[in-house]
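Worksheet for the structure shown next.
Letters A, B, ... mirror the listed sequences (proteins, then strands); counts begin at 1. The basis for the numbers below is simple: all heavy atoms, side chains too, and nothing from hydrogens, waters or symmetry mates. Note that the structure is a prediction, hence the values are computed from the model and not measured.
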There are 2 protein chains.
Amino acid sequence: MPDNQQKEQPRRRQARGERRVAQLLEAAATVFVTTGYTAASTNAIAREAGVSPGTLYQFFPNKEAIAIELGDRLMHEMRETYGEALAPIDPATPLEQAVGAAVDRFIAFNCDHPVFFALMHGPDVPGRIAEEHDVLHATLLGRIEGLLGSFLPDAPAADLTRTAQVCFGMYKAGLELVLAHEGAERDAYTREIKNVLIRYLEPLVGDRLGRTAGGSSSIHTP
Amino acid sequence: MPDNQQKEQPRRRQARGERRVAQLLEAAATVFVTTGYTAASTNAIAREAGVSPGTLYQFFPNKEAIAIELGDRLMHEMRETYGEALAPIDPATPLEQAVGAAVDRFIAFNCDHPVFFALMHGPDVPGRIAEEHDVLHATLLGRIEGLLGSFLPDAPAADLTRTAQVCFGMYKAGLELVLAHEGAERDAYTREIKNVLIRYLEPLVGDRLGRTAGGSSSIHTP
DNA sequence: CCAGAATGCGAGCGACCGCTCGTGTTTGTC
DNA sequence: GACAAACACGAGCGGTCGCTCGCATTCTGG
């Protein structure tokens, strides 16, 4: 295919158009969080935005593209948040602070953008979003795994992977609980999910200052 | 309404019919686990069962009824399993054994009936199934709460509820991880979810033999 | 000021889905 | 064997959904 220079030229857009796009994405976000992706109808999104179905398709080629654009914008903002949240691996940091800071940031992000949770954990998201989700998932798992590895340099890789997966799974479950509550209860649940993670990890990394990993630890289990 | 003796007489059924019902439910289970409830089409279920759409509607009034019947049968079998799993609250039992036994039973049940997970945790299940799910959810939470209460008689009710909710949430997340793996990995993840729960609960109930609940515990947090 | 692009509209197309109905076949009963 | 009830079929009805298309309106560059 010789003449495929650009899949499509991005079609010059006026200020009004940009406003419509933002308005449509916002409407899509509220519809997605209330009904989920599959059940959300494009007509409903257009109605929520106060425009006609035709107008919606002036800016998005199809329903999936709406979710993708929304996902991309969230992912972009997410990367800024989680870049600082897990990047600086300082082995001197106490476990409690490391876990606490990471959990706080991720929880805050998800509270600010509830549609992120809906798009990432919905069972019915389109392929492209699922891809992004998988990439993010893998990236985060890799970071956690690296962090654990720096605490436990001589643990088998399979155990590290599993422990990271457990941590992430517990965090996700905790996030769901946190999002289901508000105010003081929300804070209390945030506290609890930190406790879960800290107490789960403490026996593994708590004695990294010289002693060998102890018997009841699940890593190095006989 | 004076003459509403029975909402519907259960229509005398032949052996062939019973077989068809079982066959249809089995087909529905496989379709539900692979596509989820909403995306599953009745035509697809009929096709999976090797019958025509009309035949399906000979035995079920609508799509929801299929899921409900499936859910009822699972719930019935579930009650037998979980009745023994959480009923005998023996405060002398070590925490490790109590948690381990309960987790093992629930995990085994869900591995045997993967459609149970799909029906209970799908975001798009019909109202009646969601009701059953809520009832089961509340029942299990109540049991866990009661069990915790027997260990911590002087803890505030709100804290007990929250701790029970966290335990259940962590178990559900762990179940997802367990179902996503097989063989030895599956067993390893089962071990990990037990570790998570035990380590989370140990500081709360570990000193129930006389000493008061200690400072770092999340229950009784200042 | 005007040509053309960008924006906006909404009826409606095609596809699919849950479900029905008329018809034909099998099964139990006498 | 006769008769009714239960079972089985599959074309198709009504409805929704994603999306299109023809046309009107608004903006922008020359």
query = What pair of heavy atoms forms the shortest contact from A/R186 to A/V178, and how long is it?
reply =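 Taking A/R186 first and A/V178 second, the nearest heavy atoms are NE-O, 3.2 Å.
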
Over all atoms of both residues, closest heavy-atom pair of A/L24 and A/I45: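 It is O-CG2, 4.0 Å.
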
| field | Modelled atom types, side-chain donor and acceptor of B/T161 and B/E145, under 3.5 Å | value |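 The answer is yes; a qualifying pair exists.
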
- Query: Judged by modelled atom types alone, do A/Q165 and A/R162 share a side-chain donor-acceptor pair under 3.5 Å?
  - Reply: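 Looking only at side-chain atoms, A/R162 and A/Q165 do not form any donor-acceptor pair under 3.5 Å.
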
Q. Is there a side-chain contact (heavy atoms from CB on, under 4.5 Å) between B/E132 and B/L136 once you walk through the steps?
A. CA-CA 6 Å; B/E132 284 187 358; B/L136 178 63; over 6 Å; no

query: Do any N or O atoms from the side chain of A/N110 and from the backbone of A/F106 form a donor-acceptor pair under 3.5 angstrom?
result: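 Yes: the side chain of A/N110 pairs with the backbone of A/F106.
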
Check: protein-nucleotides 16-23 of chain C nitrogen or oxygen pairs below 3.5 Å:
from, atom 1, to, atom 2, distance (Å)
C/dG18, OP1, B/A40, O, 2.9
C/dG18, OP1, B/K63, NZ, 3.0
C/dG18, OP2, B/T42, N, 2.8
C/dG18, OP2, B/T42, OG1, 3.3
C/dC19, OP2, B/Y57, OH, 2.8
C/dC19, OP2, B/K63, N, 2.5
C/dC19, O5', B/Y57, OH, 3.4

| said: For B/E185, I'd like to know if atom CD has over 12 heavy atoms of other residues, nucleotides or ligands within 6.0 Å. | reply: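 Yes, enclosed.
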
- request: Check DNA chain C against residues 14-31 of chain B and give the residues with a non-hydrogen atom under 4.0 Å, in numerical order.
  value: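 Contacting residues: B/Q14, B/R16.
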
- Task: Figure out the CG/P separation between A/L56 and D/dG18, and round it to whole Å.
- Result: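 After rounding, the gap between these two atoms is 10 Å.
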
Per-pair distances, 0.1 Å, donor-acceptor, side chain in residues 60-70 of chain A, under 3.5 Å, sequence neighbours excluded:
from, atom 1, to, atom 2, distance (Å)
A/N62, OD1, A/E64, N, 3.2
A/N62, OD1, A/A65, N, 2.9
A/K63, NZ, A/Y37, O, 3.2
A/K63, NZ, A/T38, O, 2.9
A/K63, NZ, A/A40, O, 2.8
A/E69, OE2, A/R73, NE, 2.8
A/E69, OE2, A/R73, NH2, 3.4

